[in-house]
There are 2 protein chains.
Amino acid sequence: MGEAAPSTRRRTARKGDLTERRLMREAEALLAARPLASIGVDEIATAAGISRSSFYFYFASREALLRALGEQAHHEVLTSAERWLNRTHEPPEEVITRALADNLALWRRRGPVLRALYDTRNSDPESAALWRAIARRYVDATAAQIDRERDAGLAHPAPPDARQLAAALTGMNLRAFYDASQRSPSPQGDRELVQTLATVWIRTVYRHGSVQPSRTPAS
Amino acid sequence: MGEAAPSTRRRTARKGDLTERRLMREAEALLAARPLASIGVDEIATAAGISRSSFYFYFASREALLRALGEQAHHEVLTSAERWLNRTHEPPEEVITRALADNLALWRRRGPVLRALYDTRNSDPESAALWRAIARRYVDATAAQIDRERDAGLAHPAPPDARQLAAALTGMNLRAFYDASQRSPSPQGDRELVQTLATVWIRTVYRHGSVQPSRTPAS
DNA sequence: GAGCTTTGTCAACACTATGTCGATTTATAT
DNA sequence: ATATAAATCGACATAGTGTTGACAAAGCTC
């Protein structure tokens with residue numbers, strides 16, 4: 001059955017590419033419902049319409065597939081963290097709140113993958129490396145931001161090392177977002193969570209940690 | 001072979017009790033070196049000097065054994081959290097710093113078990129319940145403390161709900177201690193970590209969050 | 001479209017690990 | 001001493017992983 005052929009670049013119209021995507025899509029769907037450990041290669045393969053052994057033509061293991069999904073999420077994280085790095089003239093409260101909300105949104109979108117990747121870091125070294133790369137991105141961005149605000153005299157000075165502080169704060173976020181992404185999404189609850197985290201960030205990093213917006217009142 | 005018998009209660013000189021302990025001891029030792037998932041029942045049984053199938057006479061599964069270890073740690077957590085609840089006249093900085101140091105010490109002592117328990121919460125519902133019980137203890141204690149300090153006018157007032165704030169902060173601790181308990185213990189690094197976390201707690205909870213990390217030199 | 005290569009598919013196997021059974025041995029109490 | 005309870009183990013049955021080799025389907029080249 002031949003119809004109007006896609007003229008020029010029919011490059012990479014590979015059939016296997018389709019199957020590979022289906023595999024990843026189905027895996028992520030399953031992952032949304034239950035932990036990776038409880039999902040068999042069988043299930044993923046069947047869901048994608050191929051036999052279990054065919055699965056191994058595409059991925060070396062369940063973990064390899066997870067890593068492929070993780071790489072996708074990695075890219076989303078990059079852009080998210082990049083944006084966070086962009087200095088701006090807005091008041092800190094808003095920048096931080098927006099960054100946190102963005103981040104929570106990312107976790108809502110890719111939560112299953114991010115959680116699974118995080119959970120596997122102990123049993124699969126490759127996943128661990130990928131996770132570290134992702135986490136590092138955030139810590140770096142945060143530490144840089146803190147240093148910048150310190151230089152500008154807006155943030156509490158050095159004693160707590162910027163990197164360590166950044167690690168603690170992003171660790172808190174990770175934990176909170178991991179959990180939140182498991183609960184059903186509620187705009188109300190999400191806003192509260194972001195607000196709580198923002199409070200911690202602002203009070204910890206900035207001077208006169210008054211969460212009350214702008215114009216510092218006389219002390 | 002009778003020697004000076006322990007006179008009265010030679011109650012429960014069961015042989016199996018000994019084996020059970022050995023099982024738990026060896027399991028914890030293995031757990032210190034590598035993740036639970038990579039440890040076979042075989043290894044634990046052999047290390048304790050019994051056959052694999054005999055293992056099941058004592059525990060229904062690897063996870064059941066882990067839970068038994070978790071219960072032990074649970075008790076240590078109780079006393080630790082209880083102490084944290086005891087109100088005192090010392091300045092907040094010291095109370096918090098000491099509580100955090102205590103907690104880190106607990107993680108250093110029982111890290112392998114706590115980490116494994118945390119890691120298994122996704123695959124084993126029973127472990128999840130146990131973990132929640134432990135985590136809850138901390139959140140409750142913290143929330144209560146925050147409320148008390150708020151009533152006393154020492155802490156920032158309500159907007160961030162005490163419980164949610166407590167959850168965020170203890171989440172941060174969990175993450176930090178989990179990681180720290182994997183690194184080789186360094187008094188230097190440990191002190192810095194505690195100091196960093198204490199800074200976050202104090203600045204977040206208390207008013208005028210000026211945290212002098214021990215006599216600030218003139219700048 | 002005949003022939004060639006690359007790509008994709010799968011059943012059958014080998015391996016590892018778990019948990020269960022029944023038979024048997026070892027300890028303990030009376 | 002002997003009955004009972006506690007403890008041990010080998011031999012299954014089951015479930016899941018990853019590999020191999022044989023085979024089919026596309027995709028290209030002439």
Side-chain angles (χ1 to χ4, degrees), chain A residues 1-3 5-24 26-27 30-31 34-68 116 120 122-127, chain B residues 1-3 5-24 26-27 30-31 34-68 116 120 122-127:
Chain A
M1 51 284 269
E3 68 276 354
S7 59
T8 37
R9 80 331 175 214
R10 86 282 211 102
R11 232 342 353 172
T12 48
R14 282 292 206 298
K15 172 194 178 188
D17 291 354
L18 269 292
T19 322
E20 183 171 320
R21 285 202 193 167
R22 220 175 323 130
L23 240 16
M24 290 173 70
E26 294 298 335
L30 291 207
L31 225 40
R34 53 220 177 73
L36 180 70
S38 80
I39 301 175
V41 172
D42 239 355
E43 298 182 75
I44 306 175
T46 306
I50 58 175
S51 79
R52 194 181 67 85
S53 45
S54 287
F55 172 94
Y56 291 97
F57 177 79
Y58 295 95
F59 299 99
S61 67
R62 220 168 50 239
E63 286 73 27
L65 165 49
L66 176 64
R67 262 177 275 133
T120 339
N122 280 317
S123 48
D124 176 33
E126 308 246 34
S127 296
Chain B
M1 56 292 262
E3 69 274 354
S7 58
T8 38
R9 62 30 166 168
R10 87 278 212 106
R11 240 317 20 149
T12 50
R14 281 292 204 302
K15 174 195 177 187
D17 292 353
L18 269 292
T19 322
E20 184 172 319
R21 285 201 193 168
R22 221 174 322 128
L23 239 16
M24 291 173 70
E26 295 298 335
L30 290 208
L31 224 39
R34 52 221 176 72
L36 180 70
S38 79
I39 301 175
V41 172
D42 239 355
E43 298 181 75
I44 306 174
T46 307
I50 60 175
S51 79
R52 195 181 65 84
S53 46
S54 287
F55 171 93
Y56 292 97
F57 177 78
Y58 295 96
F59 299 99
S61 67
R62 221 170 48 239
E63 286 73 26
L65 165 49
L66 176 64
R67 262 176 276 134
T120 334
N122 280 316
S123 48
D124 176 33
E126 308 246 32
S127 296

Inset, instruction - Check every atom of D:dT17, C:dC10, D:dC9 against the side chain of A:S54 and return the nucleotide holding the closest atom. - result: C:dC10
Legend entry - Side-chain donor/acceptor of B:T120 to backbone N/O of B:S123, under 3.5 Å: no
Inset, instruction - Round to a whole Å and report the spacing from CG of B:L18 to C1' of C:dA27. - result: 13 Å
Inset, instruction - Mind calculating the distance between CD (A:E20) and P (C:dT7) to the nearest angstrom? - result: 13 Å
Inset, instruction - Grab the CD1-C1' distance between B:I39 and C:dT16 for me, whole Å please. - result: 17 Å
Inset, instruction - Give a yes/no answer on whether the side chain of B:S51 brings an N or O atom under 4.0 Å of OP1 or OP2 in D:dC9. - result: yes
Inset, instruction - Answer yes or no: does a side-chain N or O of A:Y58 lie under 4.0 Å from OP1 or OP2 of C:dT7? - result: no
Inset, instruction - Ignoring hydrogens and angles, answer whether the base of D:dG10 and the side-chain atoms of B:S53 contain a donor-acceptor pair closer than 3.5 Å. - result: yes
Inset, instruction - May I have the distance from A:L65 (atom CG) to D:dG18 (atom P), rounded to whole angstrom? - result: 12 Å
Legend entry - d(CD, B:E43; P, C:dA17) in whole Å: 8 Å
Inset, instruction - Let me know the distance between CZ of A:F59 and P of C:dT9, rounded to the nearest Å. - result: 13 Å
Inset, instruction - Round to a whole Å and report the spacing from CZ of A:F55 to C1' of D:dG18. - result: 11 Å
Inset, instruction - Determine the contact category for B:R52: base if any of its heavy atoms lies under 4.0 Å from a base atom, sugar-phosphate if only primed atoms, P, OP1 or OP2 are that close, otherwise nothing. - result: base
Inset, instruction - Provide the closest heavy-atom pair for A:L23 versus A:L65 in the form atom of the first, atom of the second, distance. - result: O-CD2, 4.3 Å
Legend entry - Nucleotide of D:dT8, D:dT19, C:dG8 approaching A:F57 most closely (side-chain heavy atoms): C:dG8
Legend entry - Residue-phosphate contact under 4.0 Å: B:Y56 side-chain N/O, D:dT8 OP1/OP2: no
Inset, instruction - Begin with the C-alpha distance, continue with both residues' side-chain angles, and end with the deciding distance and a verdict on side-chain contact (heavy atoms from CB on, under 4.5 Å) for B:V41 and B:Y56. - result: CA-CA 9 Å; B:V41 172; B:Y56 292 97; 3.6 Å; yes
Inset, instruction - Return yes if some donor-acceptor pair links the side-chain N/O of B:R52 with the main-chain N/O of B:D42 below 3.5 Å, else return no. - result: no
Inset, instruction - Would you name the heavy atoms of B:F55 and B:A45 that are closest together and state the gap between them? - result: CB-CB, 4.3 Å
Inset, instruction - Find the distance B:R21:CZ to D:dA7:P and express it as a whole number of Å. - result: 13 Å
